[in-house]
Amino acid sequence: MSLSELQRLEAAHVIGTYARLPVEIVRGEGPWVWDDGGTRYLDLLCGISVTNLGHCHPAVVEAIRDQAGRLMHVSNLFYTEPAMRLAERLSTSSLGGKVFFCNSGAEANEAAIKLARRAKAGGDVISATGGFHGRTLGALSATAQESKQAPFAPLVPGFRAVAPTADAITAAVGANTAALLVELIQGESGVHETPPDALAAAREACDRHGAALIFDEVQTGMGRTGALWAYTETGVVPDAMTVAKALGGGLPIGALITGERFEDVLQPGDHGSTFAGGPVVAAAALAALEITDDPELLARVRDLGERLRAGLEELPGVVNVRGRGLMVGFDLEHGSASALVLRALAEQHLVMNATGPATIRLLPALTIDETIVDDALARIGRLLH
Ligand SMILES: *Cc1c(COP(=O)(O)O)cnc(C)c1O
């Protein structure tokens with residue numbers, strides 16, 4: 001089917017919530033994707049940090065094939081080994097409490113919000129301005145961005161947003177605070193790190209008032225920043241965290257992981273999801289975790305991130321290069337980021353992402369090497385010269 005035919009079908013039959021790029025992708029392997037005409041593109045976005053191990057990683061594909069041929073779904077009315085093993089692995093690699101499975105990042109945050117409200121009835125949820133936690137009504141209520149929230153008012157009561165600074169957080173958290181929900185690095189708003197002193201203040205304020213400190217690691221998790229979980233490099237341990245995006249190696253899964261303090265707050269019947277933690281996606285996630293939880297791979301992510309940022313610093317018109325590991329953002333001194341993304345695709349066969357009028361975000365596969373980083377820099381360089 002030609003692109004114009006796909007566009008006709010979309011216009012006629014698909015609710016228009018997405019601004020798609022004018023390319024049909026038909027295949028992916030490692031850091032590469034191919035369009036229907038056979039053109040190969042270097043993918044620096046990974047389906048928005050989902051295919052962190054590159055497209056169609058053989059071990060993930062094998063795990064999916066194997067499990068799909070034996071059992072695809074039975075619901076949470078039964079036990080399956082992949083789900084229980086995945087819960088164990090998630091818990092022991094992070095906060096040591098218990099896990100609730102769901103199907104996306106927004107759902108993981110919904111579960112976190114319900115957990116916090118269950119622990120402190122009627123309590124408020126505080127989030128950071130500029131943050132992003134998903135599009136469902138609860139997660140949207142925590143997503144303090146006027147343009148995303150305003151059309152859907154009234155939102156869920158009991159939510160408020162504060163600047164991600166130590167002073168603002170200390171002033172906001174009080175006796176009626178159920179949860180403080182924050183990203184360690186705000187991704188959708190352009191790769192902005194929450195300052196270490198704000199995280200320390202958050203921990204202190206939540207301890208003082210018995211509130212749950214919840215980190216949204218939907219984007220920063222699964223090795224993206226050069227640690228399996230980004231919080232381990234902040235010196236601050238949350239009471240719970242949410243993960244999704246890359247967890248399933250390309251398949252949809254989300255999880256709420258608690259520490260011990262909140263592990264038994266949710267009770268039978270309090271929450272649930274038909275598909276959650278199904279055997280195929282759990283097997284895929286176990287395979288993805290096995291590969292990602294590797295000190296050598298994570299060290300390489302940190303090194304390649306440094307190399308990418310250093311290279312970007314050298315390019316004309318590039319300012320405010322930032323990020324951690326292979327979660328990278330920068331601003332353009334001139335011109336529009338979305339125009340550059342279109343030119344990158346057409347002229348350099350390069351997939352990048354614009355998160356703001358002048359902001360570009362790069363989320364390449366964690367499995368790339370120096371050659372790919374240099375190739376990416378050369379392509380971006382040719383766009384800017
Ligand atoms: C993408 C993202 C979400 C939402 O995840 P979905 O799977 O799209 O619902 C939530 N939080 C953060 C930090 C994200 O980057």
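Note that the structure is predicted; figures quoted are calculated from it, not measured. In each ligand, atom 1 is the first atom listed, and ligand 1 is the first ligand listed.
Here is the list of ligand 1 atoms found below 4.0 Å of a heavy atom in A106: 4 (C), 5 (O), 6 (P), 9 (O). Near N109, the atoms of ligand 1 lying under 4.0 angstrom from a non-hydrogen atom of the residue are 10 (C), 11 (N). Close approach to D216 involves these atoms of ligand 1, each under 4.0 Å from a residue heavy atom: 10 (C), 11 (N), 12 (C), 13 (C). Near S104, the atoms of ligand 1 lying under 4.0 angstrom from a non-hydrogen atom of the residue are 7 (O), 9 (O). Close contacts between ligand 1 and E188 involve ligand atoms 15 (O) [criterion: under 4.0 Å to a heavy atom]. Residue E183 approaches ligand 1 through these ligand atoms, each under 4.0 Å from one of its heavy atoms: 13 (C). In the vicinity of K245, heavy-atom distances shorter than 4.0 Å reach the ligand 1 atoms 1 (C), 2 (C), 3 (C), 14 (C), 15 (O).
Taking CZ of F159 as the reference point, atom NE2 of H133 lies at 10.0 Å (rounded to 0.5 Å).
Less than 4.0 angstrom separates atom 15 (O) of ligand 1 from at least one non-hydrogen atom of the protein.
By the 4.0 Å heavy-atom criterion, T220 is excluded from the residues contacting ligand 1.
Using cut-offs of 30° and 60° for the angle between ring planes, the F100 and H271 rings count as parallel.
Checking only distances, G105 does come within under 3.5 Å of ligand 1, N or O to N or O. The distance criterion of under 3.5 Å between nitrogen or oxygen atoms is not met by A244 with respect to ligand 1.
Here R307 pairs with D374 in a salt bridge; the nearest charged N to carboxylate O distance falls below 4.0 Å.
A side chain to side chain donor-acceptor pair (under 3.5 Å) with T359 is found for one member of D331, N353, N320 and no other, namely D331.
Under a hydrophobic-cluster definition in which Ile, Leu, Val, Met, Phe, Trp and Tyr are linked whenever side-chain heavy atoms come within less than 4.5 Å, directly or via other members, V373 and V318 are assigned to the same cluster.
Within a 6.0 Å sphere centred on CZ of R302, heavy atoms belonging to other residues, nucleotides or ligands number more than 12. Within 6.0 Å of atom CD in E88, 12 or fewer heavy atoms from other residues, nucleotides or ligands are found, so the atom counts as exposed in its surroundings.
Side-chain contact annotation: S2 with E5, donor-acceptor N/O pair under 3.5 Å absent.
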